[in-house]
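Every value quoted in this text rests on a predicted model; they were computed, and no experiment measured them.
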Amino acid sequence: MKLNLSEALRYLGVRGEPDPALLAQLSAAADKLTRRTAPRWVWRAFPLAFGPEGPALEGTGLAFPGDMAGRMLSDCAQAVLLACTLGAEFEAMLRAEQARTMAGAALLDACASVWVEAGCGEAEAEISSRFPGMYLTDRFSPGYGDLPLSLQKDVCALLDAPRRLGVQVTDSFLLNPSKTVTAVVGLSERPQPARVRGCGFCNLRENCQYRKEGKTCGA
């Protein structure tokens with residue numbers, strides 16, 4: 001598993017060819033991060049049922065309301081809940097870097113965003129290997145599209161994430177440690193199209209510099 005520096009530059013809002021000095025600093029931050037932390041994850045698969053409140057995980061009482069979840073899971077018989085985190089180790093690293101230099105902390109934070117996403121990718125590969133012959137949908141998370149952020153508590157509870165990963169959900173439904181991702185992945189017997197793409201599904205859309213300039217990052 002590698003940390004993609006190009007993705008880290010995108011999180012920093014860097015467009016075009018990066019300054020060599022910046023790239024060297026970012027590479028050093030990535031090296032420090034990957035030596036000291038590793039993404040950890042848990043996942044759990046559930047059979048799906050479909051009712052008036054949307055797709056639901058059988059036996060749990062958890063339903064996924066909204067159009068996006070309905071589209072994503074329409075062809076699926078099962079769904080997987082996933083949580084991935086860099087844990088408290090990253091939080092300690094970030095606080096130490098902030099005490100030294102905020103510029104260095106920004107580089108470290110961008111690298112961490114990419115690193116936890118890399119962990120999610122590894123988790124999806126693991127899920128795929130456990131379900132041979134099944135096809136995964138795009139990963140989607142509470143707070144994306146019209147899927148309520150408030151589902152964070154139920155997702156973490158069903159995964160036993162507080163005990164297994166040390167992940168907590170705040171009263172405003174944010175995740176702590178900060179570099180934590182929860183997600184839903186559908187499992188289907190047929191290949192699935194890429195459905196979660198574009199600004200409408202991006203957590204950064206409200207403060208995105210690309211959108212302010214009338215552009216997109218292409219993700």
Side-chain angles (χ1 to χ4, degrees), residues 1-4 7-8 10-12 29-30 32-46 57 60 62 64 66 68-69 72 79-98 104-128 136-186 196 201-208 219:
M1 184 169 62
K2 294 183 178 180
L3 195 157
N4 188 324
E7 282 295 295
R10 186 171 67 83
Y11 273 99
L12 288 168
K32 179 163 64 173
L33 177 70
T34 56
R35 281 189 289 106
R36 293 181 54 183
T37 70
R40 295 183 294 124
W41 60 81
V42 295
W43 59 268
R44 184 180 172 190
F46 300 84
L57 304 182
T60 69
L62 176 58
F64 302 113
M68 184 184 69
M72 293 295 295
V80 176
L81 299 185
L82 163 68
C84 181
T85 186
L86 298 188
E89 296 86 352
F90 170 71
E91 302 296 318
M93 285 185 67
L94 185 63
R95 286 193 297 271
E97 194 63 37
Q98 287 170 336
L107 297 177
L108 187 64
D109 187 77
C111 288
S113 294
V114 177
W115 196 221
V116 73
E117 287 293 327
C120 288
E122 288 292 305
E124 287 187 79
E126 182 179 290
I127 293 165
S128 185
L136 276 61
T137 67
D138 286 337
R139 186 174 76 239
F140 62 102
S141 299
Y144 282 17
D146 60 359
L147 191 66
L149 187 63
S150 57
L151 295 183
Q152 298 280 37
K153 284 187 177 291
D154 289 328
V155 170
C156 287
L158 287 169
L159 290 171
D160 196 16
R163 183 182 66 84
R164 299 178 69 186
L165 295 177
V167 170
Q168 304 292 332
V169 184
T170 70
D171 290 340
S172 54
F173 308 116
L174 300 180
L175 298 171
N176 185 26
S178 61
K179 294 305 176 184
T180 301
V181 173
T182 62
V184 184
V185 181
V196 181
F201 298 100
C202 181
N203 283 338
L204 304 177
R205 61 186 177 274
E206 297 302 328
N207 299 305
C208 177

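Listed for the Arg44 side chain is a donor-acceptor partner under 3.5 Å among the backbone atoms of Leu158.
Considering CD of Glu91 and OG1 of Thr85, their distance stands at 7.5 Å, rounded to 0.5 Å. Rounding to the nearest 0.5 Å gives a distance of 8.5 Å between CD of Gln168 and NZ of Lys153. Taking CD of Glu117 as the reference point, atom CG of Leu3 lies at 11.0 Å (rounded to 0.5 Å). Atom CZ of Phe90 sits about 5.5 Å away from atom OG of Ser178, to the nearest 0.5 Å. A distance of 8.0 Å separates CG in Leu165 from OG1 in Thr180, rounded to the nearest 0.5 Å. Here Thr37 contributes atom OG1 and Leu108 contributes atom CG; the two are 8.5 Å apart, rounded to the nearest 0.5 Å.
Within the 4.5 Å cutoff, the side chain of Leu81 has no heavy atoms near those of the Thr182 side chain. Here the side chains of Trp41 and Cys120 are not in contact, with every heavy-atom distance at 4.5 Å or above. Using a 4.5 Å cut-off on side-chain heavy atoms (C-beta onward), Gln152 and Leu175 make contact. Side-chain atoms of Tyr144 and Met72, non-hydrogen and from C-beta on, never get closer than 4.5 Å to each other. For the pair Met68 and Phe140, the minimum side-chain heavy-atom distance is below 4.5 Å. Contact check for Leu86 versus Pro39: side-chain heavy atoms found under the 4.5 Å cut-off. Contact annotation: the side chain of Leu107 never approaches that of Tyr11 to less than 4.5 Å [non-hydrogen atoms, C-beta and beyond].
The two residues Val184 and Ala79 come nearest to each other via the heavy atoms CG1-CB, 4.3 Å. Considering all non-hydrogen atoms of both residues, Gly87 and Arg40 come closest at CA-NH2, 4.3 Å. Gly166 and Pro177 make their closest contact through O-CD, 3.6 Å (heavy atoms, listed as atom of the first residue, atom of the second, distance). Across Pro142 and Pro148, no two heavy atoms sit closer than the pair CB-O, 3.5 Å. Here the closest non-hydrogen pair linking Leu82 and Ala123 is CD1-CB, 3.6 Å. The two residues Cys156 and Val169 come nearest to each other via the heavy atoms SG-CG2, 3.7 Å.
For Lys32, the side chain to side chain donor-acceptor pair (under 3.5 Å) test picks out Glu97, with sequence neighbours left out. Applying the salt bridge (Lys or Arg N to Asp or Glu O under 4.0 Å) criterion to Glu124, with sequence neighbours excluded, gives Arg139.
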Practice task
Apply the test side-chain contact (heavy atoms from CB on, under 4.5 Å) to residues Val42 and Asp160: give CA-CA distance (whole Å), side-chain angles for both, the deciding distance (0.1 Å), then the verdict.
Solution key: CA-CA 9 Å; Val42 295; Asp160 196 16; over 6 Å; no

